[in-house]
Asker: 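This structure is in structure tokens; I'll ask about it shortly.
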Amino acid sequence: MIRTRFAPSPTGFLHIGGARTALFAWAYARRHGGQFILRIEDTDVARSTPEAVQAILDGMAWLGLEYDEGPYYQMQRMDRYKEVIRQMLAAGSAYPCYTSADELEAMREAQRSRNEKPRYDGCWRPETGKRLPAPPAGVLPAVRFRNPAEGVVAWHDLVKGPITIANAELDDFVIARGDGTPTYNFCVVVDDWDMKISHVIRGDDHVNNTPRQINLFKALGAPLPEYGHLSMILGDDGQKLSKRHGAVSVMQYQEEGYLPEAVLNYLARLGWSHGDAETFSMGEFCSWFDLDHITASAAQFNTEKLNWLNAHYLKQADDSRLATETLRRLAGQGVDGSGCADLPRVMALYKGRVANLNELADAAHPFIVAVHPSPELLAQHLSDPVRAALRTLLAKLLDANWEAPALSQAIKETLLQHGIKMPQLAIPLRVVLLAQPQSPAIDAVLEVLGREAVCGRINSVLV
RNA sequence: GACCCUAUCGUCUAGAGGCCUAGGACAAUACCCUUUCACGGUAUGAACCCGGGUUCGAAUCCCGGUGGGGUCGCCA
């Protein structure tokens, strides 16, 4: 049974990189008929917040990344961690360390000044024939893992291929703090073991944790999972993403009017490919997804391509779904569009012309409430001959058969009578009706706007 | 600084030694469509980081350099 997991720490929103990691882990499980588990890694009590947990859950839900198990919370598994730590202490694969934070910092500083890799010096590590210092009074020791001193840790990474790291590069890392709470590298291993995770799919930033975790698995006598490390996502500008620079919540994409299927499709193609396939459903994605076609190098985020995908999915989106979205966005602006029965028709008219849901809502606005073109706009477009033509048109519209072909006919007759060309009438008409000189085909706009609004708005500029 | 990973158009990528005169997509440019603006259609420009090997043959394999990314916490 393939079991993958997504294990975010609740110290902030679900950002785009985390979302892609979750997507790939989710897709891998789906592809192989396996299970996808959500685990909240909240052992950093100082930085974890319930708001962040909720933000992560919201982000997953919006994207439709459903999990088969969880969410598990590490803070609820303390007893299990402490039990394992006791066992390791008893077995000698872990030991108490009384070095203080200040001493560690001084140690690292000295090492850095000598251009050495900063690391714990192992002074409390028990060795046969070695005399350990006397434990200082009143100090609660941290617990360190007794990492093998020699040899190498090697694994075949599912996306990067063979990776080898010498144990000499690794120091004895802390698995439990002075207060007894376990730390990340330790909890991950116990959890992945207990939860029977078969494939650990996670970000590139964990490559250097992997050998430590593998050594822990071995010390525990636990079976090793497979590992696959996804490269990072860089910002639009090629710079790395951070909370301060460019990293935004997936929920912000929702606010900005992106459809979840567009974000998902974009993320899927960022670092993964299936030949020339550019647009595909999540069903297709799950049936195609494999780790062999993941790029091993970092990928730069490209908002313009996301925009294109969003426009693509907007064109295919169901009109009533778009109407619901539009209503929600309009309500956010204090506009109640619930009385507009023709909203789906407005959506049909505009969904092929906009890049996001906010633009769609803006476009729908004049169909719901009367617009007031600025005096400048009116002055620019409403000359006396135009007013005369509008007067003629208004008379025709008052008793026209209210369907696009008949409306188009009325406009063409007006054009003929006044000896003007289509743009000379259509553009002022757009300004009068919608307060902007561009719109979809004018007869379609008239049809959807309705006789009352059209005639009323024309009349209001003629009096 | 040390260690690990990585390198094809501006960007995302195809490419598993001959199918490559390097393909697709976004973006760009031009033209077409048109009732305005979009959409759409057609076309064009645009890349194998550098240097050595291996091979009859290298974008593809190996080594080195350089660039980029990651990690060096009692954070995750």
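Note that the structure is predicted; figures quoted are calculated from it, not measured. Numbers restart at 1 for each chain; the letters A, B, ... are given by sequence-line order, proteins then strands.
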Asker: Return no unless some side-chain N or O of A/H312 is found under 4.0 Å from OP1 or OP2 of B/rC26.
Answerer: no
Asker: Does anything in residues 426-448 of chain A form a salt bridge (charged side-chain N to carboxylate O under 4.0 Å, His left out)? List the pairs, not counting sequence neighbours.
Answerer: A/R345-A/E447
Asker: Classify the nucleic acid contact of A/P8 as base, sugar-phosphate or nothing, counting any heavy atom under 4.0 Å across all strands shown.
Answerer: nothing
Asker: Using a cut-off of under 3.5 Å, enumerate the N/O to N/O pairs linking the protein to nucleotides 27-33 of chain B.
Answerer:
unit_1 : atom_1 : unit_2 : atom_2 : d
B/rA27 : O2'    : A/E304 : OE1    : 3.4

Asker: Write down the partner of B/rU29 under the Watson-Crick or G-U wobble criteria, each distance required to be under 3.5 Å.
Answerer: B/rA43
Asker: For B/rC33 and B/rC39, measure between their C1' atoms and round to the nearest Å.
Answerer: 11 Å
Asker: For A/D276, which residues count as a side-chain hydrogen bond (donor to acceptor under 3.5 Å, both in side chains) partner, sequence neighbours excluded?
Answerer: none
Asker: Mind checking if A/A441 touches a base, just sugar-phosphate, or nothing, with heavy atoms under 4.0 Å?
Answerer: base
Asker: Within the 4.0 Å heavy-atom criterion, would you say A/L270 contacts the bases, only the backbone, or no part of the nucleic acid?
Answerer: sugar-phosphate
Asker: Measuring to OP1 and OP2 of B/rA14, would you say a side-chain N or O of A/S273 lies under 4.0 angstrom away?
Answerer: yes
Asker: Going by salt bridge (charged side-chain N to carboxylate O under 4.0 Å, His left out), name the pairs with one or both residues in residues 157-173 of chain A, residues two or more places apart or in two chains.
Answerer: A/K117-A/E169, A/R125-A/D172, A/K160-A/D204, A/D171-A/R212
Asker: Mind listing the residues from residues 156-166 of chain A sitting with a heavy atom below 4.0 Å of RNA chain B? Number order is fine.
Answerer: A/K160, A/P162, A/I163, A/T164, A/I165
Asker: Report yes if a side-chain nitrogen or oxygen of A/S297 is closer than 4.0 Å to either non-bridging phosphate oxygen (OP1 or OP2) of B/rA7; otherwise report no.
Answerer: no
Asker: Can you list every salt bridge (charged side-chain N to carboxylate O under 4.0 Å, His left out) pair that touches residues 412-424 of chain A, not counting sequence neighbours?
Answerer: A/K396-A/E413
Asker: Tell me the salt bridge (charged side-chain N to carboxylate O under 4.0 Å, His left out) pairs involving residues 6-16 of chain A, sequence neighbours left out?
Answerer: none
Asker: Could you work out, with side-chain hydrogen bond (donor to acceptor under 3.5 Å, both in side chains) as the rule, every residue matching A/Q436, not counting sequence neighbours?
Answerer: none
Asker: Taking side chain to side chain contact (heavy atoms under 4.5 Å, CB included) as the definition, give me every residue that meets it alongside A/A311, ordered by chain and number, with sequence neighbours left out.
Answerer: A/K315
Asker: Between B/rA7 and B/rC61, how many Å separate the two C1' atoms, rounded to a whole number?
Answerer: 16 Å
Asker: Sequence neighbours left out, what passes side chain to side chain contact (heavy atoms under 4.5 Å, CB included) with A/R391? Give chain and number order.
Answerer: A/L462
Asker: Detail all sub-3.5 Å separations between protein N/O atoms and N/O atoms belonging to nucleotides 70-74 of chain B.
Answerer:
unit_1 : atom_1 : unit_2 : atom_2 : d
B/rG70 : N2     : A/N208 : ND2    : 3.3
B/rU71 : O4'    : A/N208 : ND2    : 3.3
B/rC72 : O2'    : A/P118 : O      : 2.8
B/rG73 : OP2    : A/R108 : NE     : 2.7
B/rC74 : OP1    : A/R108 : NH2    : 2.9
B/rC74 : OP2    : A/R108 : NH2    : 3.3
B/rC74 : O2     : A/G178 : N      : 2.8
B/rC74 : N4     : A/T99  : O      : 2.9

Asker: Of the options B/rU35, B/rG24, B/rA7, whose atoms approach the side-chain atoms of A/E278 most closely?
Answerer: B/rG24
Asker: With sequence neighbours excluded, what pairs up with A/S374 under the side chain to side chain contact (heavy atoms under 4.5 Å, CB included) test?
Answerer: A/E376, A/L377
Asker: What orientation do A/H15 and A/F13 show, parallel under 30°, tilted 30 to 60°, or perpendicular over 60°?
Answerer: perpendicular
